[in-house]
Amino acid sequence: MAGLKWQKAAIILALAAGAGILGYVQLFGVLFQLSGINATYSGDQVCGFKCESYINVTTSYWRICFAHYKGTKYENETLFKKVSRSRTLHVNLDKVDNLISTDPKVPVGWFVPTYGGKWRPIKDRDCWERGKINRIKLVGYKPLNLTVKWSFGLPGKELADPLWIGFVDLLGEPQI
């Protein structure tokens, strides 16, 4: 699916949303396969209760913006263009589940950078801009010694499958 055209990506996302399975994993999996988009991630992390991983997205062609479109003419769309000749794609966050899939299931948030090195949850009108590194922070909360696998991509075609690794000391006791 490398070099996916936006129209095909829109169909894939619409089908997934219609089946009720569209989460951030599927959204990232499809968006990261669009022509001109590359993503890198921080890999496996040893962490306690709070785990942080980072994804860097670069896009050479598309500007991708996120918003909620409930009650608008776009409410039934998942990925769309507002203007036919535009290089801006819009993602309807109302069609995306708020939790990234993990194994085992743990709560995860999606954050974007703000001023002063701080982070906040994604909100309407946040965009991935062309020609720059767009940073994402995923924050998961899990029991101290639990190892959790998270991934982005499509089932069977994961682009990454890092771990949040629980830690113990040499005696097998939890480290706090």
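Given the structure is predicted, the values throughout are model-derived calculations rather than measurements.
- Using a 30° and 60° split on the angle between ring planes, Tyr69 and Phe80 fall in the perpendicular class, above 60°.
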Start with the C-alpha gap between Val112 and Arg120, add the side-chain angles, then the distance that decides, and say whether side-chain contact (heavy atoms from CB on, under 4.5 Å) holds.
-> CA-CA 6 Å; Val112 296; Arg120 64 162 170 74; 3.2 Å; yes

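- Of the residues listed (Cys47, Pro162, Pro104), the one engaging Val148 in a side chain to side chain contact (heavy atoms under 4.5 Å, CB included) is Pro104, and it is the only one.
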Can you list the steps and then say if Trp150 with Val106 is a side-chain contact (heavy atoms from CB on, under 4.5 Å)?
-> CA-CA 10 Å; Trp150 65 273; Val106 298; over 6 Å; no

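- Linking Ile, Leu, Val, Met, Phe, Trp and Tyr whenever their side-chain heavy atoms come within less than 4.5 Å puts Val57 and Ile122 in one cluster.
- When atom types are taken as modelled, the side chain of Asn134 and the backbone of Lys132 share a donor-acceptor pair closer than 3.5 angstrom.
- A donor-acceptor distance shorter than 3.5 angstrom exists from the side chain of Lys81 to the backbone of Ser86, with no hydrogens or angles considered.
- A distance-only check finds no donor-acceptor pair linking the side chain of Thr59 to the backbone of Arg130 [under 3.5 Å].
- With rounding to the nearest 0.5 Å, the separation of CG in Asn92 from CD in Glu75 is 8.5 Å.
- Counting only distance, with no hydrogens or angles, the side chain of Lys142 and the backbone of Gly48 share a donor-acceptor pair below 3.5 Å.
- Between the CD1 atom of Ile136 and the OH atom of Tyr54 there is a distance of 12.5 Å, given to the nearest 0.5 Å.
- Open room surrounds NZ on Lys123; 12 or fewer heavy atoms of other groups in view lie less than 6.0 Å from it.
- The side-chain heavy atoms of Cys127 and Arg63, taken from C-beta on, include a pair separated by under 4.5 Å.
- In the hydrophobic clustering of ILVMFWY residues, with side-chain heavy atoms under 4.5 Å counting as a link, Tyr61 and Trp128 come out together.
- Not a single donor-acceptor pair under 3.5 Å links the side chain of Asp126 to the backbone N or O of Phe66.
- Although no hydrogens or angles enter the test, the distance criterion places a donor-acceptor pair under 3.5 Å between the side chain of Asp124 and the main chain of His68.
- In terms of hydrophobic clustering, with Ile, Leu, Val, Met, Phe, Trp and Tyr side chains grouped at heavy-atom distances under 4.5 Å, Ile64 and Phe111 are assigned to different clusters.
- Between the side chain of Asp44 and the backbone N or O of Leu163, at least one donor-acceptor pair lies under 3.5 Å.
- Contact annotation: the side chain of Ser53 approaches that of Trp164 to within less than 4.5 Å [non-hydrogen atoms, C-beta and beyond].
- Judged by distance alone, the side chain of Lys105 and the main-chain N or O of Pro107 form no donor-acceptor pair under 3.5 Å.
- Annotation: the span from Ser60 atom OG to Arg87 atom CZ amounts to 8.5 Å, rounded to 0.5 Å.
- Distance CG/Asn145 to CD1/Ile165: 12.5 Å, rounded to 0.5 Å.
- No option in Thr88, Val91, Leu89 other than Thr88 meets the side chain to side chain contact (heavy atoms under 4.5 Å, CB included) test with Cys65.
- Lys149 contributes atom NZ, which lies 11.5 Å from atom OG1 of Thr102 (distance to the nearest 0.5 angstrom).
- In this structure, Leu138 is a member of the same hydrophobic cluster as Leu146, with clusters built from ILVMFWY side-chain heavy atoms closer than 4.5 Å.
- The shortest side-chain heavy-atom distance between Arg135 and Trp119 falls under the 4.5 Å cut-off.
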